[in-house]
Structure formats: C-alpha cells, structure tokens
Amino acid sequence: MRVMIGTKTIIDDQVSKIIINLVNTNPKAVLGLATGSTPAGVYAALVNDHITHRTDYHLIKTINLDEYANLDTDHPNSYRTYMNNHLFDHINIRLEHTHFPDSTPFVASFLEQHPVNLQLLGIGNNGHIGFNEPGTPFESSVRLVSLSDDTLSQNARYFETPDQMPKKAYTLGISDILKVHQIILIATGPHKARIIKQMIEGPITPQLPASVLRRHPDVTVYLDHDAAALLDQSLDIYTKGGVALDIIA
Ligand code: PGA
C-alpha cells in the first residue's frame, strides 16, 4: 500500500490523470466507481478534461460499488442519479455501459466477464468500503445488505428527512473489490483521520473492512492533510508494515 498525502486539489488532479491515462491507453477499460462527497472533485476534473481534450469514453464500461435498494433509479438520491449528474451526462460514455449492483445475477456475471481495471474507493467513518460494513467477511461478494447505524446517520443528511433513507443497499463484496487490478482510495477531512490511522496502522480485521486493502498488491491511498493528521509521519517517506508514505504537496 502506498499512502500519498497532499492537498485536495492535488489529489483530484493526480487521481483524474491516472484515470484519463488508463482510458487513453486502454479504451475498453472497466472502471469501478464510487459515490459520496469524496470522489466528486475527481469526476469534475474528468469532465473538464473531456471538454478540453475530448478524452473518449465510448467503449469504456463502468460498475459502481453500491446502490440503495427500494429507491427508484431516477430518485435524486440514487447513486445512478449521482453518477449521471457528476459524470456520465457530461462525457461520451454510453449509459448502457454503466452498471450498478441490483437484485439480478447480472453483476456477478458482468464482473466475471469484465475484470475491473481500476477501482475508486472512499471510506466510511466506520471503515466500510462500498456498503461492506464492519464485521463483513473478507470472502463476501455482491449482495443485499442492511446498512449500519453509523452509515444511516452518515448518509441521512442527503435525504429530506432521515426516515426517507433506505435501510438496505446492494454492494459489491470485499472479495469483488480485492480482485480489481488497481485500487485508489481517497479520504479527506478531519472526520476521516481516526479511521485512516486505524486502517493503516492498526490490525487487519473484518471489524475495519478497509484494513484488508493492505493485502492487495496495488493500492494507493490519497489523503489530504486533515485525514492524515493522526498518522505516524515522523519521516517523509517510511516503511511501516509494508506501507510507503509520501508527501506530494
Ligand atoms: P463520503 O462517503 O465520500 O461521503 O465521505 C464515503 C463512504 O461512505 O464510502
């Protein structure tokens, strides 16, 4: 695992460039995408790049990490709506190439036939990745889950009233995420500092699902200075249990 620490602007710039480079070098790449406040700046940078450089997405396929259950896809808070608004409506991707986990067996067979080249991840305040909540077995695959109280309270702010938030969601499993070739996790803001310290410096445990990423051969974690504030940063670059730390800005 590599850990890169920098400003939010630098992070959005570097991560978007990695995605643009993948799209340019592999026009049929499969992107694993995430929603939430964290990746919005990366998507804005991809849209700007598409407007300026016409980066071509017409053969690109995407699979999102998760989607609420029992919420219309055109609901303002569905993850489909988020992705359309932040990215898909502004680039030349074909909507039929963009996928979300749902109740059908489609996603499992899609993942088998289309290995994901790059997965973008955020992290929940409780350490979840996708909606794989604390206690999820590392062997889990795509399925319907009940959201934890932490997640319900973290995401209820997006709904008009907290009781409108769905209590269940479909998510890719941890084993699905670990199969991806390259993983980028972004965390920003002081509210992520505690969970980031545990993810990087604590034990690898199902109680903190994101900690399993330390077992994956190609994971880069991008942190702003607030999210990195509690890390042991006594050296600019150091190795700690296989983790390389680098200050980029
Ligand atoms: P956030 O959510 O980007 O809104 O902080 C991250 C997550 O819950 O995975």
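Ligands are counted one by one from 1 in listed order, and the atoms in each one are counted from 1 as well.
- With a 4.5 Å cut-off on side-chain heavy atoms, Ile248 and Gln14 count as touching.
- Closest to atom 5 (O) of ligand 1, if we only count protein heavy atoms, is Lys192 NZ, 2.6 Å.
- Remark: the backbone N or O of Gln207 is paired with a side-chain donor or acceptor of Thr205 at under 3.5 angstrom.
- Looking at Thr35 next to ligand 1, no N or O pair under 3.5 Å apart turns up.
- When only interatomic distances are considered, the shortest N/O to N/O separation between His191 and ligand 1 does not fall below 3.5 Å.
- Rounding to the nearest 0.5 Å gives a distance of 9.5 Å between CG of Leu65 and CG of Asp176.
- For ligand 1 and Gly36, the ligand atoms under 4.0 Å from any heavy atom of the residue are 3 (O), 4 (O).
- The residues Asp218 and Arg2 are annotated as salt-bridged, a charged nitrogen and a carboxylate oxygen being separated by less than 4.0 angstrom.
- Judged by distance alone, the side chain of His50 and the main-chain N or O of Thr55 form a donor-acceptor pair under 3.5 Å.
- Remark: ligand 1 atoms within the under-4.0 Å shell around heavy atoms of Gly124 are 7 (C), 8 (O), 9 (O).
- The protein atom (non-hydrogen) at minimum distance from atom 7 (C) of ligand 1 is His128 NE2, 3.4 Å.
- Against a heavy-atom cut-off of under 4.0 Å, Gly122 is close to the following atoms of ligand 1: 9 (O).
- Taking every heavy atom of Tyr158 and a limit of under 4.0 angstrom, the matching atoms of ligand 1 come to 4 (O).
- At a heavy-atom cutoff of 4.0 Å, ligand 1 is contacted by the backbone of Ile123 but not by its side chain.
- Each of Asp74, Thr98, Asp72 was scored for a side-chain hydrogen bond (donor to acceptor under 3.5 Å, both in side chains) with Arg80, with one residue passing: Thr98.
- Tyr68 has its ring centre less than 6.0 Å from the ring centre of Tyr79.
- With a 4.0 Å heavy-atom cut-off, ligand 1 is reached by no atom of Phe131.
- Annotation: the span from Thr81 atom OG1 to Asp89 atom CG amounts to 9.5 Å, rounded to 0.5 Å.
- The nearest heavy-atom contact from the protein to atom 2 (O) of ligand 1 is Gln154 NE2, 3.6 Å.
- The NE2 atom of His128 sits 9.0 Å away from atom CG of Asp150, with the distance rounded to the nearest 0.5 Å.
- Of the protein's heavy atoms, Thr38 OG1, 2.5 Å lies nearest to atom 3 (O) of ligand 1.
- Taking a cut-off of under 4.0 Å to the non-hydrogen atoms of Arg157, the atoms of ligand 1 that pass are 4 (O).
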